[in-house]
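Indexing begins at 1, ligand by ligand and atom by atom, following the structure's order.
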Amino acid sequence: MHLAALSLYAALTEIKAIARIRSRLHIVFYWTKSAEEKNKENLSEFIDKEEMARYVRRGWLFFGYIIINKGGNKMEGKVASETREVASMPRLGESAPSFEAVTTQGTVRLEDFKGSWLILFSHPADFTPVCTTEFIGFAEIHPELTKRGAELLGLSVDSVSSHIAWVRNVEEKMGVKIPFPVIADLDRKVATSYGMIHPGESKTETARCVFIIDPEGILRAMIYYPLTTGRNMQEILRLIDALQTTDKHKVATPANWKPGDAVIVPPPNTQEMAEQRLKEGYECKDWYFCKKKL
Ligand code: BEZ
């Protein structure tokens, strides 16, 4: 084996060992003769193609030799190339990432919200105009959310003192009391575990994310908006209504659905059910597409 290849192999072995210890360390090893040859055929002999494909699916863009995501600075100089941080993203239908965090109303843990719906949302920064309009918007829908058994929890990468000062300012200058706690996520622990930082938008601020977590702690919906677009509070209410309607009646909700509209009856699983369906008095366009009023 060529000497350079050998030393790369040694480096890779070392990194793989670290990777086993530190689950968040992502490594891609890629061997190419030139930057032009950056295609799948140029995979290193030291990493199998399926492993490489997994990294590609996770959104890595790469060429060069060894690419390190987290903790990778140690390898700088030894290895070259382009790096791209991969946000860890929570997934729908799974337990929401657990947390314990300092907020404007004391320390909170995800577990404290068990039994309620939780709307965890992030904003880029305190004392910024779009965020201020959103905070006012969240405060305005707060009573409606309470009626639905849902609680709000804000977050940004600012200190608790900054949050307190801003919340006081919103009350003094805009006459709106902020009734929900706001996480001071200075170490970005919560932001990282929920994939709230999108470096293409901002390397330091959280994007405008909304996570809807059900009373069992399962992540049921996510919304991600860019820094420049304020969120639609009515859509957040609509989403809670849709999820609660789905749970209660075992139905789905069509595009632009709002409470009171007809809902979608789940599609039949057997031919017999399909025949039966057409006799049940639903509003059917065809056997697979039936609506009913609740
Ligand atoms: C705002 O809330 O006004 C804002 C924050 C970050 C980037 C752009 C706008």
Could you tell me whether ligand 1 has any atom less than 4.0 Å away from a heavy atom of Glu201? no
For ligand 1, does Glu134 get within less than 4.0 Å through its side chain, its backbone, both, or neither, judged by non-hydrogen atoms? neither
Closest heavy-atom contact between Pro268 and Met273? CB-CB, 3.6 Å
Which protein non-hydrogen atom lies closest to atom 6 (C) of ligand 1, naming both residue and atom, and how far is it? Pro124 CB, 3.8 Å
Nearest protein heavy atom to atom 8 (C) of ligand 1, by residue and atom, and its distance? Leu227 O, 3.9 Å
Would one find an N or O of Arg208, backbone or side chain, under 3.5 Å from an N or O of ligand 1? yes
Tyr282 and Phe289: aromatic ring centres closer than 6.0 Å? no
Considering all heavy atoms of both residues, which atom of Pro90 and which atom of Tyr194 are nearest to each other, and what is their separation? CD-O, 3.2 Å
Distance alone, cut at 3.5 Å: any donor-acceptor contact between the side chains of Thr107 and Glu100? no
Pair Lys279 + Glu275: basic N to acidic O under 4.0 Å: no
Does ligand 1 come near enough to Thr128 that some N or O of the ligand is less than 3.5 Å from an N or O of the residue? yes
Do me a favour and list the nearest non-hydrogen protein atom to atom 3 (O) of ligand 1 with residue, atom name and distance? Val130 N, 2.7 Å
Phe180 and Phe138 aromatic ring geometry - parallel, tilted or perpendicular at 30°/60° bounds: perpendicular
Are Ala125 and ligand 1 in contact, using a heavy-atom cut-off of under 4.0 Å? no
For ligand 1, find out whether one of its N or O atoms is nearer than 3.5 Å to an N or O atom of Cys131. yes
Heavy atoms only: give me the nearest Cys131-Arg208 pair and the separation to one decimal. SG-NH1, 3.3 Å
